[in-house]
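Just below is one structure, and these are the notes that go with it.
Residue numbers run from 1 in the order of the sequence given.
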Amino acid sequence: MSTPENDYDVIVIGGGGAGLAAAASAAERGRSVILFESEGELGGSTQLSAGMFTAAATSVQKALGVDDTVDRYFQHYMDLNQWLLKPGLVRRFCELAGPTLEWLLDLGVEVPAQVSSDAHTPGLTRAGVEDVWRAHVPKDQGYGLVQVLDRARKAAGVEAVLHTRVERLLVEDGRVRGVVADGVELRSGAVVVASGGLAQDPALVERWFPDALRAGDSLFVVAAPGSRGDHLVLGEQVGASVAGDGWGLMLPTAQFVRHHHWQAGFPPVSRVHVNPQGRRFMDEDASYAVSGGLIDAQGGPAWMVFDDAARRALPEGYADWTPSRVTEHVGTGAVVAAEDLSGLAERIGVPADHLLATVERWNDQLPYGSDVDFQRDQTLAAKGVTTPPAPIATPPFHATRVLPTELVCTHAGLEIDANAAVLDQRARPIPGLYAAGEAGGGVLGNRYVGGGNAVANALTLGRLAGQNAAATA
Ligand SMILES: Cc1cc2nc3c(=O)[nH]c(=O)nc-3n(C[C@H](O)[C@H](O)[C@H](O)COP(=O)(O)OP(=O)(O)OC[C@H]3O[C@@H](n4cnc5c(N)ncnc54)[C@H](O)[C@@H]3O)c2cc1C
């Protein structure tokens, strides 16, 4: 119920995962809520995502006999992020991610209690570096999550206003009192900023995530069009602190790829990644949590090497990884080809004897089902690959640069405390202002905790922000 001086109890800015979770949970507490979405449809990046959601001690894990606790999740999360995040906020997130997943299941999200070998088959999966399986893949992925949350929003009577980009906050005596959208002032008891990240604004990427620019001309952005960094403009108005400066998620791809892997297709399983010394340096299927950092740490170009049998075995129907597209890129120079490995080494500028030794060692191991160097056999097994990869042996041999090129999400958000309240420069909550998702800073760190760190952050903190905004209002 709004009060006489307020139009609504709670105003939510942004209709992606965080905003919908905030709106639904504030309305669950009997508050009047309105949500503004700048684009023509709800969903944002959440809708484009696999919807993978990382959480501990859930009913899905229990049904599969996976023994997990909030403490283990917290330890893993902080260790992977080298304890650069605030433990209080992260512990709260780890405590609430499981209950948020249960809330979603109650609302109608389907995560069957079955093992999934990828990010697209509903069930419980593993992204590669977590200590136990805790990546939950919902039916219909991010789209499915948005559909269920939107049904909850409608059922709770929350109006969603599309095509309306909130331009500023209403502030009185240091307290946030509402918003201005399309030149119209609307008053409320509390405001939740859930406007997503900044990946679609090149100037903001340069300022807040300059590492992304190391991809040069190969950089491409898959985040939703509304990811324009409006949270920073709104936060600046009230002197909000920003957390997550310099961090975001870049996925490594081949230099010529320009699409998310669902459209791009997948590189050959029989491939080896080598550094400027021609040495193998990683599990080629390593999780996002570590793969970008590993490639960056090589001090020069990293290359993906595969043979012609692997190229010919690529399935048709994808945008980038097909036999003919690879050959086309031999023409553009983005793929280098040579009749033998020595010639290939010369063309990519790595020592030929090293490359020959690397491929020989790989051929002696992976085709026989083991990888004593990087344990890739275990990653392949978790992905459901049942036959060992073929040797890299059929000319012509191919190489293409592999580097972090795909900008997925950004982590520079308005700093929040463990109540999802936005903090000022002196770490004091700004009255009436909450933030969540990519717009809220502090949970997403320098390492993506896979799989499903960002969706879990959006929905868990979105729900918390909605609950606390409702309580404040
Ligand atoms: C292709 C892809 C796959 C991904 N897969 C996964 C995955 O499987 N697991 C995972 O954890 N993460 C994944 N991510 C990242 C994850 O989806 C996002 O970080 C998360 O969903 C962001 O949620 P959000 O609510 O903060 O932002 P969004 O979902 O982007 O929602 C923000 C909304 O706010 C709107 N908006 C912006 N400014 C304004 C304004 N001024 N006024 C009104 N509305 C505004 C936007 O249009 C948008 O709809 C993926 C991302 C992409 C792009």
- Kindly determine whether Lys86 and Glu415 satisfy salt bridge (charged side-chain N to carboxylate O under 4.0 Å, His left out), including the steps that lead there. CA-CA 11 Å; Lys86 287 193 177 157; Glu415 185 173 4; 2.5 Å; yes
- Message: So which atom in Phe266 and which in Leu314 form the shortest heavy-atom distance, rounded to 0.1 Å?
- Response: O-CD2, 3.5 Å
- Can you see which heavy atom on Thr54 is nearest to which on Ala456, and at what distance? O-CB, 3.4 Å
- Query: What orientation do Trp83 and Phe74 show, parallel under 30°, tilted 30 to 60°, or perpendicular over 60°?
  - Reply: perpendicular
- Task: Take the angle between the ring planes of Tyr73 and Phe93 and call it parallel below 30°, perpendicular above 60°, tilted in between.
- Result: tilted
- Criterion side chain to side chain donor-acceptor pair (under 3.5 Å) on Tyr434 and Thr472, from CA distance to verdict: CA-CA 10 Å; Tyr434 296 84; Thr472 302; 2.4 Å; yes
- Item | Check ion pair Glu328-Arg325 (N to O, under 4.0 angstrom) | yes
- Item | Heavy-atom side-chain proximity of Phe220 to Thr253 below 4.5 angstrom | yes
- Message: What I'd like to find out is whether the side chain of Met304 reaches to under 4.5 Å of the side chain of Pro267, using heavy atoms alone.
- Response: yes
- Query: Do you know the tightest heavy-atom contact between Val455 and Phe53?
  - Reply: CG1-CD1, 3.9 Å
- Query: Is any side-chain heavy atom of Thr125 less than 4.5 Å from a side-chain heavy atom of Met52?
  - Reply: yes
- Going by atom types alone, do Asn419 and Arg92 pair a side-chain donor with an acceptor below 3.5 Å? yes
- Residues Thr379 and Asp283: side-chain donor-acceptor under 3.5 angstrom: yes
- Task: Could you give me the CA-CA distance, side-chain angles and deciding distance for Asn6 and Arg177, then say whether side chain to side chain donor-acceptor pair (under 3.5 Å) is met?
- Result: CA-CA 8 Å; Asn6 287 335; Arg177 294 279 180 191; 5.6 Å; no
- Heavy-atom pair of closest approach, residues Ala224 and Ser45: N-OG, 3.0 Å
- Close side-chain approach of Phe256 and Asp320, heavy atoms under 4.5 Å: yes
- Task: Please check if the distance between the ring centroids of His120 and Trp262 is under 6.0 Å.
- Result: yes
- Glu28 and Trp103: side-chain donor and acceptor closer than 3.5 Å? yes
- Message: Go through it in stages, so that I can follow the logic: the residues are Asp71 and Gln75, the test is side chain to side chain donor-acceptor pair (under 3.5 Å), and I'd like the CA-CA distance, side-chain angles, deciding distance and then a yes or no.
- Response: CA-CA 6 Å; Asp71 282 348; Gln75 184 77 40; over 6 Å; no
- Please report the closest heavy-atom contact between Ala240 and Leu414, naming both atoms and the distance. CB-CD2, 4.2 Å
- Could you tell me whether the side chain of Asn468 reaches within less than 4.5 Å of the side chain of Leu464, counting heavy atoms only? yes
- Task: Show your working on side chain to side chain donor-acceptor pair (under 3.5 Å) between Thr400 and His329 and close with a plain yes or no.
- Result: CA-CA 9 Å; Thr400 184; His329 284 294; over 6 Å; no
- Electrostatic pair Asp68-Arg134, nearest N-O below 4.0 angstrom: yes
- Query: Would you say the side chains of His260 and Glu406 form a donor-acceptor pair under 3.5 Å?
  - Reply: yes
- Exactly one of Leu169, Thr164, Asp230 clears side-chain contact (heavy atoms from CB on, under 4.5 Å) with Ile13, and that residue is Leu169
- Query: Between Arg214 and Asp296, does at least one N-O distance fall below 4.0 Å, as a salt bridge requires?
  - Reply: yes
